[in-house]
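Data block below; observations after.
Each ligand, and each atom within it, is numbered from 1 in the order the structure gives. Residues take their numbers from the sequence shown, with the count starting at 1. In this text the structure is predicted, and so the values were computed from the model without any measurement.
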Amino acid sequence: MNTNINLNIVNSKINLLNLSPKQIQLFLKSIGAKNFTSEQIMQWIYSHNCFDFNKMLNISKNIREKLNQTSYLKISNFSEEQISFDGTMKWITFLNNKKIETVYIPEKKRSTLCVSSQIGCALKCDFCATGKQGFYRNLTVSEIISQILQAKKRIDNKKITNIVFMGMGEPLLNLNNVVSALKIILNKNGFGLSKRRITVSTSGIVPAINKLSQKIDINLAISLHAPNNYIRNLIMPINKKYNIESLLTAVSRYLKHSNANRNGVTIEYVMLQNINDSNQNAEELACILKKVPSKINLIPWNSFKNSSFISSTPDKINIFANILRQKGFNTTIRKNRGEDINAACGQLTGNMINRSKNHL
Ligand code: SAH
Ligand code: SF4
């Protein structure tokens with residue numbers, strides 16, 4: 001698997017959008033710039049959407065020339081846009097003739113951007129359209145960050161209050177690039193979001209959860225989706241490598257060092273009729289989560305072509321939620337947004353519904 005395609009260097013020049021704040025600082029030092037130049041450059045890029053060194057007039061001419069000789073700034077553009085009846089927006093970026101998706105979900109009190117971390121996904125969860133597509137490659141830092149820069153432009157700099165890594169791909173299988181992108185999102189000269197407003201969702205790559213905790217503190221969401229290993233093995237092949245016990249142990253360890261997850265980890269649980277939605281399953285779930293401070297988010301399953309699952313009925317989901325609430329768990333039911341344009345969780349395959357597709 002080649003994860004370095006497109007990475008940093010073109011004709012020995014570096015795309016600065018692939019660097020974390022610390023790496024930008026080191027790079028600038030290496031070309032003789034003062035310490036504060038990295039802050040200035042980041043402000044030009046992330047606050048002013050400026051990608052031309054020649055226009056960064058508060059940076060000395062000498063350093064601007066050196067920057068032009070050694071580096072460049074290149075973002076990946078959105079090429080298609082679709083807007084749902086409920087205001088959700090979905091964008092496609094073409095990379096190596098493949099597509100990735102970014103989704104913007106405006107709500108009353110917050111506006112969430114859902115970004116992709118890989119082209120496709122290798123983990124083949126049975127209920128997920130992205131998983132059915134297979135894996136192509138990891139996204140570079142600039143490709144992750146470009147989704148945010150481009151979205152801000154499309155929504156006219158309206159505020160993005162939250163960013164979730166719940167688009168295409170398994171973020172923890174692209175750990176280094178995702179962590180660099182997270183550092184830019186957190187940095188005050190980057191996007192300046194607080195750690196409590198950034199969520200990384202993972203299907204449970206245990207060693208990567210352990211590494212993550214040494215690198216960065218953000219909200220963690222765990223795609224658990226089953227109350228026991230028997231059911232999880234059936235729907236999530238990754239469970240055969242990292243089972244529920246090892247996953248929950250890693251989560252507890254992460255929580256010990258985390259301030260962002262003060263109110264507990266988010267447990268995602270997709271509701272699949274007659275697979276994981278019985279009352280007994282709810283009891284089992286409450287039992288395995290007894291020792292893990294958690295908020296549970298029940299997700300009605302979103303259908304896609306050629307899948308044999310059926311979503312649990314709203315009644316069944318409510319009964320399931322109430323059992324968990326009675327056991328003391330903060331339990332929410334996810335509202336499906338953007339379903340009419342296939343922008344909901346697990347529907348992301350890079351395809352646009354033909355209605356009202358705009359080329360950008
Ligand atoms: N790979 C990561 C993040 C992307 S998926 C992960 O699995 O956590 C974002 C969320 O959508 C995950 O909880 C995932 O399990 C869920 N999901 C996938 N397919 C779905 C579908 N068809 N309907 C509802 N949720 C789905
Ligand atoms: Fe990959 Fe997440 Fe989909 Fe599983 S649910 S196939 S890990 S994107």
- Derivation and outcome, side chain to side chain contact (heavy atoms under 4.5 Å, CB included), residues Leu298 and Leu324: CA-CA 11 Å; Leu298 302 179; Leu324 293 167; 4.3 Å; yes
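Ligand 1 has Gly169 within reach: a non-hydrogen atom of the residue lies less than 4.0 Å from it. At a 4.0 Å cut-off, at least one heavy atom of Gly167 sits close enough to ligand 1 to count as contact. The closest approach between any non-hydrogen atom of His225 and ligand 1 is below 4.0 Å.
A 4.5 Å side-chain heavy-atom check between Thr199 and Thr266 finds every atom pair outside the cut-off. Side-chain contact between Lys215 and Asn176 is present, with heavy atoms from C-beta onward closer than 4.5 Å. Contact of the Leu57 side chain with the Arg64 side chain is registered, since non-hydrogen atoms from C-beta on lie closer than 4.5 Å.
When non-hydrogen atoms are compared, ligand 1 lies under 4.0 Å from the backbone of Asn302 as well as from its side chain. In Thr202, the part holding a heavy atom less than 4.0 Å from any atom of ligand 1 is the backbone. Of all the heavy atoms of Glu268, the ones lying under 4.0 Å from any atom of ligand 1 belong exclusively to the side chain.
Not one N or O of Pro300 is nearer than 3.5 Å to an N or O of ligand 1, by distance alone. Between Ser201 and ligand 1, at least one N/O pair is under 3.5 Å apart. Residue-to-ligand polar distances place Phe127 within reach of ligand 1: an N/O pair is separated by less than 3.5 Å.
Without hydrogens or angle criteria, Ser116 side chain to Glu101 main chain gives a donor-acceptor distance under 3.5 Å.
Ile323 and Val270 fall into different hydrophobic clusters, where Ile, Leu, Val, Met, Phe, Trp and Tyr residues are linked whenever their side-chain heavy atoms come under 4.5 Å apart, directly or through other members. When hydrophobic clusters are built by joining Ile, Leu, Val, Met, Phe, Trp and Tyr residues whose side-chain heavy atoms come closer than 4.5 Å, directly or via intermediates, Ile310 is not grouped with Phe127.
The distance from ligand 1 to the heavy atoms of Ile299 drops below 4.0 Å at these ligand atoms: 24 (C), 25 (N). Shown in contact with Val270 at under 4.0 Å from a heavy atom are these atoms of ligand 1, numbered in order with element: 24 (C), 25 (N). Near Cys128, meaning under 4.0 Å from any of its heavy atoms, are these atoms of ligand 1: 18 (C), 19 (N).
The heavy-atom pair separating Lys13 from Tyr72 by the smallest distance is O-CE2, 3.5 Å.
With sequence neighbours excluded, no residue forms a ring-ring contact (aromatic ring centres under 6.0 Å, His included) with Phe329. Partners of Phe165 by ring-ring contact (aromatic ring centres under 6.0 Å, His included), not counting sequence neighbours: none found. Legend: residues meeting salt bridge (Lys or Arg N to Asp or Glu O under 4.0 Å) with Glu283, ordered by chain and number and at least two apart, are Lys327.
At least one protein heavy atom sits closer than 4.0 Å to atom 4 (Fe) of ligand 2.
Panel detail: atom 3 (Fe) of ligand 2 has protein N, O or S atoms under 2.8 Å away, 1 in number.
Between Phe191 and Tyr46, the ring planes are perpendicular. Angles over 60° get that label, and only those under 30° would be called parallel.
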